[in-house]
Amino acid sequence: MIDKIARTVAEALEGIEDGSTVLVSGFGEAGVPNVLVEGLIEQGARDLVLVNNNAGVGRHGIAALLAAGRVRKMVCSFPRSVGSVVFPELYAAGKIELEVVPQGTLSERIRAGGAGLGGFFTPTGVGTQVADGKEVRRIDGRDYVLELPIRGDVALVKGHVADRFGNLTYRKAARNFGPSMAMAGRRTIAEVYEIRNGDGLDPERIVTPGIFVDAVVKVER
Amino acid sequence: MIDKIARTVAEALEGIEDGSTVLVSGFGEAGVPNVLVEGLIEQGARDLVLVNNNAGVGRHGIAALLAAGRVRKMVCSFPRSVGSVVFPELYAAGKIELEVVPQGTLSERIRAGGAGLGGFFTPTGVGTQVADGKEVRRIDGRDYVLELPIRGDVALVKGHVADRFGNLTYRKAARNFGPSMAMAGRRTIAEVYEIRNGDGLDPERIVTPGIFVDAVVKVER
Amino acid sequence: MAEPLTRPQIAWRIAQDIPDGAYVNLGIGMPEMVADHLPDGREVMLHSENGILGLGPSPAEGEEDWDLINAGKKPVTLVPGGAYFHHTDSFAIVRGGHLDLCVLGAYQVSAHGDLANWSTGDESRLPGIGGAMDLAMGANGIFVMMELCTRKGAPKILENCTYPLTGQRCVDRIYSDYAVIDIADDGPVVREMIDGIDFAALQGKAEARLRLAEDWRTLAAPDL
Amino acid sequence: MAEPLTRPQIAWRIAQDIPDGAYVNLGIGMPEMVADHLPDGREVMLHSENGILGLGPSPAEGEEDWDLINAGKKPVTLVPGGAYFHHTDSFAIVRGGHLDLCVLGAYQVSAHGDLANWSTGDESRLPGIGGAMDLAMGANGIFVMMELCTRKGAPKILENCTYPLTGQRCVDRIYSDYAVIDIADDGPVVREMIDGIDFAALQGKAEARLRLAEDWRTLAAPDL
């Protein structure tokens, strides 16, 4: 029987290794799996590469993981959002690496990782610093930059409702990076507000099919 | 005011030009917009390049358009499904060109067209005839073939429910190529069984946002 | 002499040029103001990079839903006909040429439409790109909303940008405090300028050589 | 001497090796039979390329829903926990390595695991690839289900395939009427063979050189 429901956050996060690349869903504060991210501090993995659109807000969630010194490198599109304090301090002190990626390219690289592609040509970044050192190719009269996929050893995503099969729905714009990161994680763990018992979610409403999800944990609102 | 509802099939299909590339959703018989495809016979455009997973069944829909001699070239993954009679005849008689594409590559090329990418590297087809004449590149220890995007001058898709904004839902596995083709059509026309009045569809259930859709036409079941 | 347009007035002027039924992305910051000035009777669908079409006005205080924020991370609402989708699909919309218009701020715009709006090249500053590069290369029309000069009086329309680029040859039109300027194939063309400035004075506010359209008109906006 | 396995028996044998909780794609045709023989108590999620996870049994006559068909275009049902998604996402599942297993038919398999199952190279025949190339390169484990020889008695396990390839070095294991054969790094290794055939006779049914595993076992299946 398929049962992906983990009883505790610790159980869901078991086995995450030092040096892992960890994809974390969310845009600003919406859709960040804060419980899982803070659970990762407890879990203890270090030397992580963290992939998120931003780089944490305040001193909780991603910022707390950064402050705990567990992250070697941050991959994001915009690390200096309002309320981002921990990352700028670490970066200024030379204590963390940064790879800054155009937002659509970040997302597409993650999807490419999840979809088994070796790379793609995008118009984004042509003629900018982002294209430095990368192949630029003219295709059908337009220039494109070659970008490579991102895979996560682990993806931590925040859904809304789940079932024992790992199927997920999301809520409003908190959906953001969840579906693509779920695809791109070798091990994908979701925190959700509700677990539907019985026959599973409405198959027409499922956004992330359970095949992409390894563990689901219910958290309080 | 946004109102994408066309009163007639003829109105929806207006302006499709000779020589157009036409993407047609559907897998086998599920999700084929037969009313629009047959409307295209009436509309009169010829010398078309038709993109569909298959190449028509029986003598209606796609097969009827083929039989009417309107299609110069068929791009598909599998033209010899059970019940496919018209295409094999035309092909054997040398009356139509064929580009046969692995199914996942076909779909991904269409998505790439809709997503503004210049191409992508896929493992599918490496070491096969499909890779003949194409760039093969080793990336991170694995070989990939470079495939280029497909855009449609027109996409004809079959949805289930629509609203005046062009938002679409689909029904079960009739969803298939609809969402990606809707993205990839310079002009996208959907036939649906129901048009929801008022405030539009549930924003959580929409599969194709209206930005991809130019016209919607209601057809009988 | 007429005063230069205020930011709300520039926003108002841009709003007049957004057609009914358009799909539009308003960049974070100044361009967001355009939403407040859309003429009545025009149904415009606003896109937000994080995965929304159909942005509505800010919610009333106490009604905020923090799962419904815009690209600037501020709480918003959804209009009828709106939709949610995931972030990668949202940028398929951007890059795939599905947006009719995008309004962006700018540090600098070049004579041939290059845009610099993400970095001043100051290495001591934490870099951040966000969605600007995708929007600049992806939307069908790129409107820039800016003042013609920096607060220190340096011109922002240059022969070539000196700051790192966001996108090449992407800007279609600049809406500014003194003028509306198209980026034509042969360089910037002034379509509108405010009353009481002459072309020579306007040229003084740009490094790139401007050309005055024969059919130029007066740039004016209501008091706002 | 024991009879070779029938197709239902090969399907039964494969079904025994599909673990509880596995995500599996069963290729069109012969491999579809595997679904009928999954042992009780194992919950296996079947994937269909057209955009389904959770294929259930065929519907009763008169209950067919033609919007719910499998990759072979036959009406199916959906099991609890199943989901619909669009075709491009379905192949992201395939190519992205998310399927635990895929069972495919074959015209030929080479000693190093190349698969030929889409074309006999007959130019007079209408070509058709379908999803086989994606599945061959994408699924984590590729099981081939076939008879060891063609109806005319020609071996199908060859040093090198003579037909056009579907995928290179992709086959993990062959389930056949006479034997279960792994494709190991150094070539085909017989893991199981039916009672009453000796290894020399089995080798006679393959062109590629086979190796008999030291711990080989008897291949047997119930009457079906």
Side-chain angles (χ1 to χ4, degrees), chain A residues 25-31 53-55 57 76-84 87-88 91-92 98 100-112 114 122-131 142-144 158 160 170-183 207-208, chain C residues 28 48-55 65-78 82-97 110 114-116 118-119 121 124-138 161 163-170:
Chain A
S25 68
F27 183 99
E29 292 260 58
N53 187 59
N54 306 105
V57 174
C76 67
S77 89
F78 202 76
R80 45 168 221 258
S81 295
V82 178
S84 174
F87 182 83
Y91 184 74
L98 171 64
V100 63
V101 182
Q103 203 177 117
T105 299
L106 180 65
S107 197
E108 191 68 24
R109 289 176 65 192
I110 293 164
R111 178 194 177 270
T122 177
T124 302
V126 168
T128 78
Q129 289 181 2
V130 161
R142 194 171 185 199
D143 287 335
Y144 296 88
K158 181 176 178 175
H160 185 222
Y170 299 85
R171 189 168 175 279
K172 301 189 177 180
R175 187 183 301 195
N176 57 65
F177 282 84
S180 295
M181 286 186 169
M183 285 170 62
V207 176
T208 292
Chain C
I28 298 171
S48 186
E49 296 95 292
N50 49 326
I52 308 170
L53 262 174
L55 286 187
D65 180 339
W66 293 96
D67 284 343
L68 182 46
I69 58 172
N70 65 9
K73 282 103 181 174
K74 283 184 286 218
V76 290
T77 54
L78 194 77
Y84 304 118
F85 33 81
H86 68 69
H87 187 274
T88 314
D89 279 352
S90 187
F91 277 86
I93 287 175
V94 171
R95 251 190 344 255
S110 83
D114 293 351
L115 171 69
W118 73 278
S119 166
S124 73
R125 203 159 170 238
L126 184 58
I129 298 173
M133 287 190 182
D134 303 279
L135 286 162
M137 298 307 280
C161 296
Y163 291 167
L165 292 191
T166 304
Q168 276 183 323
R169 297 181 176 273
C170 56

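Every chain is numbered from 1 and lettered A, B, ... according to where its sequence line falls, protein lines coming before strand lines. Everything numeric here is computed off the predicted structure, so don't read it as measured data.
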For chain C, which candidate among A:Ser25, A:Pro123, A:Ala92 shows the most heavy-atom pairs at distances under 4.5 Å?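 Of A:Ser25, A:Pro123, A:Ala92, A:Pro123 has the most heavy-atom pairs under 4.5 Å with chain C.
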
Would you mind checking which part of [X] comes under 4.5 Å of any heavy atom in chain C, side chain (CB onward), backbone (N, CA, C, O), both or neither?
X        : result
A:Ser81  : side chain
A:Arg109 : neither
A:Asp143 : neither
A:Phe87  : side chain
A:Ile110 : neither
A:Val101 : backbone

Is the closest side-chain heavy-atom distance between A:Asn176 and C:His86 below 4.5 Å?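 A side-chain contact is absent here, since even the closest heavy-atom pair is not under 4.5 Å.
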
Is [X] close to chain A through its backbone or its side chain, or both, or neither, when contacts mean heavy atoms under 4.5 Å?
X        : result
C:Ser119 : neither
C:Arg169 : neither
C:Tyr84  : both

Grab the two heavy atoms, one from [X] and one from [Y], that are nearest each other, plus how far apart they are.
X        : Y        : answer
C:Pro127 : A:Arg80  : C-NH1, 3.7 Å
A:Pro102 : C:Met133 : CG-SD, 3.8 Å
A:Thr124 : C:Met137 : CA-CG, 4.1 Å
A:Pro79  : C:Gly128 : CD-CA, 3.7 Å

side-chain contact (heavy atoms from CB on, under 4.5 Å) evaluation trace for A:Thr122 with C:Arg95: CA-CA 8 Å; A:Thr122 177; C:Arg95 251 190 344 255; 3.2 Å; yes

Between [atom1] on residue [X] and [atom2] on residue [Y], distance to nearest 0.5 Å:
X        : Y        : atom1 : atom2 : answer
A:Tyr170 : C:Phe85  : OH    : CZ    : 15.5 Å
C:Trp66  : A:Lys172 : CH2   : NZ    : 13.5 Å
C:Ser90  : A:Gln103 : OG    : CD    : 8.0 Å

Evaluate side-chain contact (heavy atoms from CB on, under 4.5 Å) for C:Phe91 paired with A:Glu108, printing each intermediate quantity in order. CA-CA 8 Å; C:Phe91 277 86; A:Glu108 191 68 24; over 6 Å; no

Please identify each residue that fulfils side chain to side chain donor-acceptor pair (under 3.5 Å) with A:Ser180, with sequence neighbours left out.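 A:Ser180: side chain to side chain donor-acceptor pair (under 3.5 Å) contacts with C:Thr88.
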
Would C:Thr166 and A:Thr128 count as a side-chain contact (heavy atoms from CB on, under 4.5 Å) if you check the C-alpha gap in whole Å, the side-chain angles of each, and the deciding distance to 0.1 Å? CA-CA 6 Å; C:Thr166 304; A:Thr128 78; 5.8 Å; no

A:Glu29 and C:Lys73: CA distance, side-chain angles, deciding distance, side-chain contact (heavy atoms from CB on, under 4.5 Å) verdict: CA-CA 8 Å; A:Glu29 292 260 58; C:Lys73 282 103 181 174; over 6 Å; no

Under 3.5 Å, is there a donor-acceptor pair between the side chain of C:Asp67 and the main chain of A:Ala174?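 Here the side-chain-to-backbone pair does not exist.
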
Aromatic rings C:His87 and A:Phe27: how do their planes relate, parallel, tilted or perpendicular, breaks at 30° and 60°?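 Aromatic pair C:His87/A:Phe27 classed tilted.
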
Charged N-O contact under 4.0 Å between C:Asp65 and A:Arg171: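 So C:Asp65 pairs with A:Arg171 through a salt bridge.
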
For the interface with chain A, which of C:Ala71, C:Ala83, C:Gly72 has the highest count of heavy-atom pairs at distances below 4.5 Å?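 Winner by heavy-atom pair count: C:Ala71.
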
Considering only heavy atoms and a distance below 4.5 Å, find which of C:Leu165, C:Leu135, C:Leu126, C:Asn50 pairs most often with chain A.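 Of the options given, most contacts go to C:Leu126.
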
Would you say C:Arg125 has more than 12 foreign heavy atoms packed within less than 6.0 Å of its CZ?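 Not buried by this count: 12 neighbours or fewer within 6.0 Å.
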
